[in-house]
Amino acid sequence: MSETYTLYNSTVMEHFMNPRNMGDLKDADGVGEVGAAACGDIMKISLKISNGRIEDARFKTFGCGSAIASSSMATELIKGRTIDEAMNFSNQEVVDALGGLPPVKIHCSVLAEEALKAALEDYVKKHPELAHKSPASETVAA
Amino acid sequence: MSETYTLYNSTVMEHFMNPRNMGDLKDADGVGEVGAAACGDIMKISLKISNGRIEDARFKTFGCGSAIASSSMATELIKGRTIDEAMNFSNQEVVDALGGLPPVKIHCSVLAEEALKAALEDYVKKHPELAHKSPASETVAA
Amino acid sequence: MRQVYLDHQASTPVLPEVFDAMKPYFTEAFGNASSLHQHGLRVREALKRSRGQMAALINADSAEEIFFTSDGTESANLAIKGVAYANERRGKHLVVSATEHPSVMQSVEFLERQGWTCTRVPVDADGTLQLEALRAAIRPETVLVAVHHVNHDIGTIQPIREVGRVCAETGVPLYVDCEASAGWLPVDVREFGAAMVSFSPHRFYGPKGVGVLYRNKKARLVSVIHGGVQEGGRRAGTENIPAIVGGGMAAEISLTELPRRIAHTATLQSRLWKGLKERIPYIRLNGPEPGPRRISTNLNLSTEFIEGEGQLLLCDLNGIAVASGSSCVSKSLKISHVLAAIGLDHALAQGNIIMTLGMANTVEDVDYTLETFAKIVTKLRGMSPMWDEFQRGVIDSVIAPTGRGKSFSQHAADVSGKAAH
Amino acid sequence: MRQVYLDHQASTPVLPEVFDAMKPYFTEAFGNASSLHQHGLRVREALKRSRGQMAALINADSAEEIFFTSDGTESANLAIKGVAYANERRGKHLVVSATEHPSVMQSVEFLERQGWTCTRVPVDADGTLQLEALRAAIRPETVLVAVHHVNHDIGTIQPIREVGRVCAETGVPLYVDCEASAGWLPVDVREFGAAMVSFSPHRFYGPKGVGVLYRNKKARLVSVIHGGVQEGGRRAGTENIPAIVGGGMAAEISLTELPRRIAHTATLQSRLWKGLKERIPYIRLNGPEPGPRRISTNLNLSTEFIEGEGQLLLCDLNGIAVASGSSCVSKSLKISHVLAAIGLDHALAQGNIIMTLGMANTVEDVDYTLETFAKIVTKLRGMSPMWDEFQRGVIDSVIAPTGRGKSFSQHAADVSGKAAH
Ligand SMILES: Cc1ncc(COP(=O)(O)O)c(C=O)c1O
Ligand SMILES: Cc1ncc(COP(=O)(O)O)c(C=O)c1O
């Protein structure tokens, strides 16, 4: 065939084919693994955090193309952000950065947000001294 | 188009296109005109009878192709028959001689039988001396 | 022998451009639109393009309002039953015109067997819907009004804008069957105020095997063919991609060509009707005179004292393809319910012939038809006992009464009474 | 890049002979089969010929037992609802296998909403209908049993002769959906004891836009698409003549080619499955092993620790077209109900890939697929947290349990519980 037809737009396809930040971080400061009850996808994000800032992020994903692309994009986006900034991270950023996702696949970006927040929560749990600064559980529940 | 497709078989088509015995008989000895309640067709048969034998027959038909072909064929078939023979005439003869009619068109051949019998009845009515010989009404009702 | 196709209401040939558009989708782009790979995604694009072309033809807001079915009949079934089932709790009453196509009428009858009720709004002698009767028919529990745009038998253009206004006032969604108009007359869903519109490309030089149902968000609609989630869950089943592609192309061409189609067929229509009137006594046009109230493609004729099938067959043997609404040409032995609804005398319904024009027809076709048809009528009248009886004053004409003799119907009843069965 | 189409279950390209047979019916022989003139009569002949070809494919007694619909879905709807409505007074109970196609399942669910009841007969782990459960499900008020010939997802061949015997004993008509077998496996309505059989030519190198329903006189059946009297009153709507003609030709070719099709695909099937097993650890075949209980075209695989859509997309990017029954590829986010019915672990259902072979596939295609697919699995496992957790003994394999770690499903539930929504 002369033309190439893809299920997702070219940005999503690019992140699916060549995911950024794929893998695990040795000695991660925070690790979050979440599953989507709806479709069964599982996403794991590990973070390297120092001085209240996300220095590095990695993901592993069991899921569809858009789940992989969403985790790739989410890890790209959050690198360099402060914990507070990251706590306010929303799946819409992923969707926008990816140039849109099919409606039925929006939940993949939500999963990425959740995995990130679970990782942050994990980090906060290990650092109780930060608890008063960022009410992680509330933010996560939002 | 190279081939010709017809609604009816070639015998029916032939009788429709070139009907035999079409018209009215001047000084007919018996005339029958009947209508089909089902479809609204009307058929008229006039007979020339002498010495108890049908010498000539003509038809006029308001109706579809198979009604015209049926009356053409019926008038052909009955020429030369005795009144008694004609009284036993059945639509099946018309159907067979035409090489078959579509099921929904069988009633056209019945109409021809009825028109013929109505003409015979008319003749018998005009010749009461024949009444004992052929119980026309019974036959017609059969 | 000259071949004159005068049955464009039945079907039309596929245009070369349409066929060319379809071709790759049989062999090269044969995928199933549900597939997630190249082959599926490629045909999805094609589906989308066609939806856009269909939407443009009827001035719909968006391609997402277009659903594909297998034909006009299925579209009508989906519109009627899909709305009825979706609104079962709101009400179980439908309103339709008395001259809808059988696909609407039979869908309604099916629902009546399942507990719905339906009011059939009468039409006048020209086949035009009686607006006051429509207004009176709508009740609080009415969930749908169905009125076609153009009648398939007699070519009457319905006052759809007015119908749409009545529906808007009463808040009942309107379904407009445009099968007999789309591609030949402007269809504008917004001007109509229609919640649903259906049509079928094989009637305007597109392929068979695809029907279209437009539905805006005003109408709740559930599926009637159940299974997969194709067509947004409104129509299950593998999409007929080549036909959808061809249909879209036919819609696009129709939209551009519409003024030319109207002008061309209107010229031939008036020449044909004028010629027939001149040459053939006791012939009548059913439905409105050619003009703004009649579609330019259709002539529905009644030739008195002869029956329709014979006329049709002799036309065919002379290369002229026509249709008829007489009982003899129907498998049910009933005359067209449209002819019954306009109160046409049975004698005239029996002599019914329908000629529908198209772009390939020429002035020469019309003149050949006039000449040939006049001969055919003469031949059949020569065979008809009714013509003879009319000459002799036994029966009278319906079209041009002389005041002599009984009516054809009376005579038919009299001789039918004689029948032995 | 090599193009390997392994989704013959979704659709197949039209054969050149089939396309050639169809061609004249778009332009030259474009008539409507209801028309009484040349154009109509000509296509009637074509309709009749196709009916004969369809009847021959399934060893039906007569062409008159063949009805044309628009697709397999509509055929299933007609079989299920048409029999249900026709027998409403006799009984309102249906029996279907648990792994019927959605077109059957959703038709049944629609009827359930209208007051019918239905028993779904379970299948075993290979997807084979449990005959004793079938027997137990049939009641005096049962009006129809529906069991497909071959499962569309997992390729299981059902014991249809035995099913037919149970139906004959109990006097209940049997409907066999042969959409996944016709053209690839002998279908014999007499041997099956089937009152109805459906199939769709686009699955065996015929066109889309036509479905077939065989019905013998054992089954009373009413129309579900209402309107005109086409198809003996069983299916209203203008017939899709080109597709019907092409479908008939495809049926004729299929009948001749059947032994070659089976031999060819069986060879590739066994090479493919053997190769996959050898190269890829933790892969499983769903449904019976290749052989007499599985259709020769289908491999339904579960690749553990990775999800189906990713496999499908990477296959596609490498020119290989496959399908998947995983929830991610369905619009409803549900795994195929067939995989649920065979009790497949959710983890394996998620990793589902379906490869279906056809005549154009070669040994080289298979070898390319083996090589490519192995790389894809490695790549995706490299990305999968589950694969890593399996390596680390956190979770266990379903396919080849090590005894270490919790189940995938348990783990998935644990992490899903953590989810914020
Ligand atoms: C077993 C089975 N039945 C019915 C259908 C529905 O057929 P279609 O998609 O042609 O409408 C399918 C289609 O995949 C099928 O596999
Ligand atoms: C007004 C109208 N509606 C619906 C239909 C049914 O369409 P189809 O024959 O394409 O199924 C027709 C067909 O003649 C029609 O004329």
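Here is how names work: the chains are called A, B, and so on, in the same order as the sequence lines, proteins then strands, and each is numbered from 1.
- Of all the heavy atoms in C:Phe19 and D:Lys23, the pair that sits closest is CZ-CG, 3.4 Å.
- The shortest distance between side-chain heavy atoms of D:Tyr205 and C:Phe30 does not fall below 4.5 Å.
- Residue D:Val104: no heavy atom, backbone or side chain, is found under 4.5 Å from chain C.
- Residues of residues 69-79 of chain C lying under 4.5 angstrom from chain D, judged on non-hydrogen atoms, are C:Ser70, C:Asp71, C:Thr73, C:Glu74, C:Asn77 by number.
- Interface remark: D:Ile225 contributes backbone and side-chain atoms alike to the contact with chain C (heavy atom separation under 4.5 Å).
- Counting heavy atoms from C-beta on, the side chains of C:Gln9 and D:Asn32 never come closer than 4.5 Å.
- Between C:Met105 and D:His226, the closest side-chain pair of non-hydrogen atoms is not below 4.5 Å.
- For chain C, no part of D:Ser324 is nearby; none of its heavy atoms comes within less than 4.5 Å.
- None of D:Leu317, D:Asp316, D:Leu313, D:Ile320 except one satisfies the side chain to side chain contact (heavy atoms under 4.5 Å, CB included) rule with C:His37; the exception is D:Asp316.
- Using a 4.5 Å heavy-atom cut-off against chain D, the contacting residues of residues 108-116 of chain C are C:Phe110, C:Arg113, C:Gln114.
- Only the backbone of D:Val322 comes within contact range of chain C, with at least one heavy atom under 4.5 Å from a heavy atom of that chain.
- Closest non-hydrogen pair, D:Lys208 versus C:Asn240, comes out as O-OD1, 3.5 Å.
- No part of D:His101 comes within reach of chain C, as not one of its non-hydrogen atoms sits under 4.5 angstrom from that chain.
- D:His39 contributes atom NE2, which lies 11.0 Å from atom OG of C:Ser11 (distance to the nearest 0.5 angstrom).
- Interface remark: C:Val210 contributes no atoms to any contact with chain D (heavy atom separation under 4.5 Å).
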